[in-house]
Amino acid sequence: TTSMKCEIKDNNLKFISIVSRISLGREQETIFKEHGIPHVHFHSDISDRIKKEGWNPYDNNWGSYEGKNIIINIDSLLKLSSWSDFSGYVLYLDEVNSMIEYLVCADLPTLSDRRRSIMDMIKKMFNECDRIIGTDADINDITFLRMKQLGFDPFFINNIHKHNKGTKASEIFSYGEFMKQLNRLDKWICCCDSKSMAEVISNVSGTIGTDETSDILLITGDTTKTYNLDDWDKVIYSPKIIYGLDSTMRRHVFCYYKEQTISPKQMVQQVNRCRDIIELRYLFTCKNCCNYKYHSYQDVKDEIVDNDLYGCNTFKLSDEIGMYDDYLEVLARYKYNQDCYNTNKFAHFIKILTERGFTIDSVFFQTSIKGLKKDKDELEEEQERKFLKCVDTYKPIVKEHRDKCETDLITHYNNLRDKNPTMDHYFDDKTQKIQEYLRLPMDTIDKHMDLYRKQGPLETHFSICKFF
């Protein structure tokens, strides 16, 4: 990104930056604007502006931004379909390998139904733009394969500098020792592959929050805002952050991995959100070794086709010859690579660290998680106490609001569509979002506490609703 901002400003280039994470796009927006690059627009700000001014079906709303510098999520790329062409533009693909994997494999409502159309759009942009620049610390064969499928033979620059050369990395073999080492330091980042584990560690380590009264910033899937990691000395994050946000503060980095979600490559990406690591310490709870699932790429292809995974059969509807085969080839390679990683995530993590220049103390023992259950139980009790406190504060306000409505028919009529006062300042964003779906009477919310606090009961509730 540093090289790209200089290239853009020094040569007065128009650019479109395509990203797969909002946090990465927002960080780019800040960097480019601070560097003095004019007319930089983030796509969601444009959408908000259009909605505020009023969408006009007879007006080319997004077309009025043609010629401007745009940062856009790959999910939203079809918003640019009204543009006449992309000549004169430089396309910037930051974290290009992660972006291609996201486009090919992400099974999300915002992407699944539009995957083929987005791929068509990308090909149009590639063919019409002046130049394509992609950057990533983990460029692999999947990126080259996809580029060649689109008719490009990319010029590859391999940066041989090892940013973490000589940085010490050591394993911690017990949960108790992990927390002991974490709590005796003033500045650190802690990476987790589990939201629940991130919450346990943060609860034991200090005061959690997002303002000056807190000494720890906790970022999980429930976090809706983007924060500057360098504003906090202590940061804990789940797989909500794999790439996109960086910290330049010099500090220690800790990793607590249960080996259930992200790949070893993504674990190392999490670690490298800190650009100036004093020392890396990591704990793996299982260190499992298991058999591989696929013998070859063909085994993967057969499974994908037989089960129509990732909506691959929609590509058969394309008028373009070879599009289905191209997509199937890229998807199969990705799933095959993931299968290789899953045979031993711990060993692959160590291997990638070594390739990045880390100096590793190669002493291996089984990991103990003694004491973790006690801390989990305490977190559960603390979360329940906070939730009930919010309920106790909010329920009298709801009652007062309803009593007012009942005393005045007109007021009651005007408030039929909004029977409860806002939940802002009383409950967190996640609880408010769940309530938008559940619409339970607020005076009974404490009786259904598990629906707001635990994923399992909520999923069961929605499954039952869907069944009936």
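Sequence positions, counted from 1, serve as the residue numbers for this chain. Fair warning: this is a prediction, and the values are worked out from it, not measured in the lab.
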Check: Any ion pair linking D45 and R26 (charged N to carboxylate O, less than 4.0 Å)?
Finding: yes
Next item on the list: To the nearest 0.5 angstrom, please state how far the CE atom of M121 sits from the CD1 atom of I118.
Entry: 10.0 Å
Margin query: I'd like to know whether Y102 forms a side-chain hydrogen bond (donor to acceptor under 3.5 Å, both in side chains) with D75, so could you lay out the CA-CA distance, the side-chain angles of the two residues, the decisive distance to 0.1 Å, and finally the verdict.
Written below: CA-CA 10 Å; Y102 173 81; D75 312 59; 2.6 Å; yes
Item checked: Short side-chain donor-acceptor distance under 3.5 Å, K240 and T223 -> no
Check: What do you reckon, is OH of Y437 surrounded by more than 12 foreign heavy atoms closer than 6.0 Å?
Finding: no
Check: Does the salt bridge (charged side-chain N to carboxylate O under 4.0 Å, His left out) test come out yes or no for E381 and R385, once each step is laid out?
Finding: CA-CA 6 Å; E381 293 173 3; R385 185 189 65 77; over 6 Å; no
Item checked: Non-hydrogen atoms of M99 and I74 that approach each other most closely -> CG-CD1, 3.9 Å
Checklist line | Main-chain N/O of N97 paired to D136 side chain as donor or acceptor, under 3.5 Å | finding: yes
Checklist line | Rounded distance [0.5 Å steps], CG in L80 versus CD1 in I46 | finding: 8.0 Å
Checklist line | Side-chain donor or acceptor of R273 paired with backbone N/O of Q269 under 3.5 Å | finding: yes
Next item on the list: Taking all heavy atoms of S194 and all of P239, pick out the closest pair and write down the distance.
Entry: N-CD, 3.9 Å
Margin query: Let me confirm one number: the NE2-CG distance from H252 to L280, rounded to the nearest 0.5 Å.
Written below: 11.0 Å
Notebook entry, point to check: So, the side chain of H348 versus the backbone of C340: is there a donor-acceptor pair under 3.5 Å, distance only?
Noted result: yes
Item checked: Main-chain N/O of S82 paired to W62 side chain as donor or acceptor, under 3.5 Å -> no
Checklist line | Aromatic ring pairing F178/F254, orientation class (parallel under 30°, perpendicular over 60°, tilted between) | finding: perpendicular
Margin query: Looking at D306, I want to see if its CG is surrounded by more than 12 non-hydrogen atoms of other residues, nucleotides or ligands under 6.0 Å.
Written below: yes
Check: Does the side chain of N69 pick up a donor-acceptor pair with the side chain of Y92 at under 3.5 Å?
Finding: no
Item checked: T248 side chain to D230 side chain, donor-acceptor N/O pair below 3.5 angstrom -> yes
Margin query: Tell me whether E303 at atom CD has more than 12 heavy atoms from other residues, nucleotides or ligands lying less than 6.0 Å away.
Written below: yes
Checklist line | Nearest-0.5 Å distance that lies between atom CD1 in I219 and atom OG1 in T226 | finding: 8.5 Å
Margin query: Closer than 4.0 angstrom, basic N to acidic O: yes or no for R21 and D94?
Written below: no
Next item on the list: Give a yes or no on whether the ring-centroid distance for Y336 and Y294 is below 6.0 angstrom.
Entry: no
Check: Using a distance-only test with no angle check, is there a side-chain donor-acceptor pair under 3.5 angstrom linking Y341 and Q266?
Finding: no
Next item on the list: Determine the minimum heavy-atom distance between I277 and R250, stating which atoms define it.
Entry: O-NH1, 4.0 Å
Next item on the list: To the nearest 0.5 Å, tell me how far M197 CE sits from S238 OG.
Entry: 12.5 Å
Next item on the list: For the residue pair N342 and Q338, confirm or rule out a side-chain donor-acceptor distance under 3.5 Å.
Entry: no
Next item on the list: Specify the closest pair of heavy atoms between F358 and V271, including all atoms of both residues, with the distance to one decimal.
Entry: CZ-CG1, 4.3 Å
Note to self: Does the plane of the ring in F346 sit parallel, tilted or perpendicular to the ring in Y282? Use 30° and 60° as the thresholds.
What the structure shows: tilted
Checklist line | OH-SG distance between Y256 and C191, expressed to the nearest 0.5 angstrom | finding: 14.5 Å
Margin query: Strictly below 4.0 Å, N to O, side chains only: are D222 and K195 in salt-bridge contact?
Written below: yes
Margin query: If I compare all heavy atoms of Q260 with all of K345, which pair ends up nearest, and what's the gap?
Written below: C-NZ, 4.0 Å
Next item on the list: May I ask you to check whether over 12 heavy atoms, not counting those of Y292, lie within 6.0 Å of atom OH?
Entry: no
Notebook entry, point to check: Should R275 and D246 count as an ion pair when the cut-off is N to O under 4.0 Å?
Noted result: yes
Check: Are a donor atom and an acceptor atom from the side chains of T1 and E27 found within less than 3.5 Å of each other?
Finding: no
Next item on the list: Looking only at non-hydrogen atoms, find the nearest pair between I31 and K5 and report the distance.
Entry: CG2-CD, 3.7 Å
Note to self: Please determine whether the number of non-hydrogen atoms from other residues, nucleotides or ligands lying under 6.0 Å from atom NZ of K187 exceeds 12.
What the structure shows: no
